[in-house]
Chemist: 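Have a look at this one.
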There are 2 protein chains.
Amino acid sequence: MEHSTYQKLVVAAANLLRQKGYAATGISDILKTAGVTRGSLYHHFPGGKRDLAIAAARYSAELLLDMIEAACRKAHSEGGDYHDAMIEFCKKIYASFEKNGNWRFMTVSATLQEGGERNEIFSKEARKHYARIRMKAIDEGGKFGLSAEASYLPLRKAMLILEGSWLLSRVLGDTMPMRSAVKFIEEEKLFHELRQQAQLQISHDETLS
Amino acid sequence: MEHSTYQKLVVAAANLLRQKGYAATGISDILKTAGVTRGSLYHHFPGGKRDLAIAAARYSAELLLDMIEAACRKAHSEGGDYHDAMIEFCKKIYASFEKNGNWRFMTVSATLQEGGERNEIFSKEARKHYARIRMKAIDEGGKFGLSAEASYLPLRKAMLILEGSWLLSRVLGDTMPMRSAVKFIEEEKLFHELRQQAQLQISHDETLS
DNA sequence: CCCTGTGTAGACCGAATGGTCTAGTGCTGT
DNA sequence: ACAGCACTAGACCATTCGGTCTACACAGGG
């Protein structure tokens with residue numbers, strides 16, 4: 001990991017918050033995991049737990065964006081299309097889930113889920129991160145010659161499936177839902193191809209008539 | 001609501017747990033919401049919070065099964081197919097989400113998510129409920145003449161999308177993800193039809209050759 | 001040499017948490 | 001009338017929570 005106290009705190013917080021959620025994660029947990037004492041935390045994060053959670057969410061979102069970018073780059077270099085990139089992205093997440101529990105994913109939604117009443121600060125942060133993810137999708141999709149919508153919708157669907165299956169896998173203590181998420185996202189590529197064929201078919205028919 | 005103290009506790013707990021999660025929901029919250037005092041709670045649920053959460057999860061799972069059943073019945077009576085039932089199911093959940101925040105859904109995964117270390121009791125409960133949902137899907141799909149797998153997979157996919165979008169909608173404080181979940185699940189019907197056509201196409205070609 | 005600023009250490013605090021315990025209420029069958 | 005019971009009420013407890021505060025370590029500049 002990183003060696004600065006600040007970084008140690010963010011990394012530890014990101015992991016714990018993702019695993020247990022905001023309310024269940026105690027400051028002491030984070031301090032113990034990070035090997036840091038209370039004074040340091042409140043020096044770097046005057047706002048306490050809230051500040052730290054926001055920093056952790058930002059860090060996690062960064063990792064997620066990197067994964068998306070890497071998956072797209074790989075698909076590109078292997079001659080695949082945008083849907084191949086989505087599959088690659090999903091498989092990466094599954095692999096890391098299978099290996100280390102749930103580490104390195106499901107950043108924003110899990111991290112910023114404070115119990116109880118609407119927390120406008122956290123919601124605003126979350127919206128910011130998801131907007132960035134959206135922009136990244138549009139950007140990467142564009143490199144495959146896709147429109148903004150054709151870039152964003154597949155990623156959104158993949159994200160929903162992944163978040164759902166991640167949630168489930170965590171509750172059940174079983175990676176099966178994550179595995180089926182991979183299958184579902186592989187299916188999406190087929191779906192997309194079939195839809196294209198069907199549209200070709202239609203325009204063909206229309207040309208004939 | 002129900003009038004027995006036991007029922008009042010279960011209903012209040014189910015709502016609060018779903019909204020805020022296990023760790024963030026205090027016993028006092030539940031008592032206040034239910035209009036019940038501490039002694040009563042520990043009379044009906046000697047195991048305290050844990051017992052109550054398990055009962056709440058069971059209750060929520062029951063509601064979910066009812067919703068699935070109702071959606072299938074409606075699709076049947078209107079001459080629709082199994083995918084129409086999934087769409088109906090999803091729309092119902094979206095409608096109730098739109099109306100009362102997040103009430104009456106996302107039972108098991110949210111309710112039984114205790115922070116921290118693997119909680120084998122909760123996981124076992126969750127597995128039990130999801131197994132029941134699976135059986136219900138197979139049962140209902142059978143009435144539409146579908147195989148077990150063809151019954152279960154669409155529901156699983158719908159559930160994953162719904163859980164993901166529910167999670168997101170809650171964090172963002174915006175029903176948009178739920179709305180897109182409805183669209184995605186409507187898409188599934190089209191996907192299924194296209195796939196059937198393609199398979200017919202293939203078997204046709206094979207017959208010709 | 002001290003002074004100042006950045007960062008660390010951990011004792012300490014009030015509030016809130018989940019859980020226990022005793023007293024009491026009101027309905028039951030006898 | 002009374003004993004037995006299921007149930008309710010809420011004071012009480014130990015623990016833990018997030019957060020504050022003072023003391024200290026140790027740089028670099030004068």
Side-chain angles (χ1 to χ4, degrees), chain A residues 1-57 110-117 119-122 125, chain B residues 1-57 110-117 119-122 125:
Chain A
M1 313 280 153
E2 293 297 336
H3 298 306
S4 81
T5 300
Y6 184 96
Q7 282 274 357
K8 280 195 284 188
L9 282 169
V10 170
V11 172
N15 290 337
L16 289 173
L17 288 171
R18 222 171 305 143
Q19 280 170 38
K20 329 207 303 186
Y22 186 84
T25 304
I27 296 267
S28 311
D29 288 346
I30 299 174
L31 294 175
K32 211 188 302 168
T33 309
V36 165
T37 56
R38 247 180 159 64
S40 302
L41 191 155
Y42 284 91
H43 172 73
H44 292 288
F45 301 93
K49 201 181 177 185
R50 229 179 303 276
D51 274 16
L52 184 50
I54 288 173
T111 308
L112 291 180
Q113 193 74 64
E114 203 204 4
E117 316 71 50
N119 181 329
E120 205 37 60
I121 303 170
F122 278 16
E125 279 293 310
Chain B
M1 311 285 151
E2 293 297 337
H3 298 307
S4 80
T5 300
Y6 183 96
Q7 282 273 359
K8 281 195 283 189
L9 281 169
V10 170
V11 172
N15 290 338
L16 289 173
L17 287 171
R18 221 171 307 141
Q19 279 171 37
K20 327 207 304 187
Y22 186 85
T25 305
I27 296 268
S28 312
D29 287 346
I30 300 174
L31 294 175
K32 210 187 305 167
T33 309
V36 164
T37 57
R38 250 182 155 64
S40 303
L41 191 155
Y42 284 92
H43 171 74
H44 293 288
F45 301 93
K49 201 181 178 185
R50 229 178 302 278
D51 274 15
L52 183 50
I54 288 173
T111 308
L112 290 180
Q113 193 71 65
E114 202 206 3
E117 316 72 49
N119 181 329
E120 206 37 59
I121 303 170
F122 278 16
E125 280 293 311

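The structure presented is a predicted model; accordingly, all values stated were derived computationally and were not measured. Proteins come first, then strands; the chains are lettered A, B, ... in the order of their sequence lines, and each starts at number 1.
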Chemist: Go along nucleotides 10-27 of chain C 5' to 3' and tag each nucleotide: B for a protein heavy atom under 4.0 Å from its base, S when only backbone or sugar atoms are that close, - otherwise.
Modeler: BB------BBB-------
Chemist: Could you state the atom-to-atom distance from NZ of B:Lys8 to C1' of D:dC7 in whole Å?
Modeler: 12 Å
Chemist: Rounded to whole angstroms, how far apart are CG on A:Leu31 and P on D:dC17?
Modeler: 11 Å
Chemist: Quick check: do B:Thr37 and B:Leu31 have side-chain heavy atoms less than 4.5 Å from each other?
Modeler: no
Chemist: In whole angstrom, give the distance that lies between atom NE2 of B:His3 and atom C1' of D:dC7.
Modeler: 18 Å
Chemist: Atom CZ of A:Phe45 and atom P of C:dG7: how far apart are they, to the nearest Å?
Modeler: 12 Å
Chemist: Nearest 0.5 Å, what's the OH-CG distance between A:Tyr22 and A:Asn119?
Modeler: 7.5 Å
Chemist: Could you give the distance from CD1 (A:Ile54) to CD (A:Glu125), rounded to the nearest 0.5 Å?
Modeler: 4.5 Å
Chemist: Do A:Asn15 and A:Thr33 have side chains that approach each other closer than 4.5 Å (heavy atoms only, starting at C-beta)?
Modeler: no
Chemist: For DNA chain D, what dot-bracket results from Watson-Crick or G-U pairs at under 3.5 Å, with [ ] for crossers and | for inter-strand partners?
Modeler: ||||||||||||||||||||||||||||||
Chemist: Can you tell me how far apart CG (B:Leu16) and CD1 (B:Ile27) are? Round to the nearest 0.5 Å.
Modeler: 11.0 Å
Chemist: If every non-hydrogen atom of B:Leu41 is compared with every non-hydrogen atom of B:Gly48, which pair is closest and at what distance?
Modeler: CD2-CA, 4.4 Å
Chemist: Where does the angle between the aromatic ring planes of A:Phe45 and A:Tyr6 fall among parallel (under 30°), tilted (30 to 60°) and perpendicular (over 60°)?
Modeler: parallel
Chemist: Please check the phosphate of C:dT8 (OP1 and OP2 only) for any side-chain N or O of A:His44 closer than 4.0 Å.
Modeler: yes
Chemist: Hey, could you give me the CG/CD distance between A:Leu9 and A:Gln7, rounded to the nearest 0.5 Å?
Modeler: 10.0 Å
Chemist: Does A:Thr5 place a side-chain N or O at less than 4.0 Å from the phosphate oxygens OP1/OP2 of C:dT8?
Modeler: yes
Chemist: If the cut-off is 4.0 Å, is A:His43 near the phosphate of C:dT8, judged by side-chain N/O to OP1 or OP2?
Modeler: no
Chemist: I need the full list of salt bridge (charged side-chain N to carboxylate O under 4.0 Å, His left out) pairs touching residues 25-37 of chain B, with sequence neighbours left out, sorted by first then second residue.
Modeler: B:Lys20-B:Asp29
Chemist: Give the rounded distance in Å between these two atoms: CG of B:Leu41 and P of D:dA6.
Modeler: 18 Å
Chemist: Taking atom C1' of D:dA9 as reference, at what distance in whole Å does atom CG of B:Leu9 sit?
Modeler: 14 Å
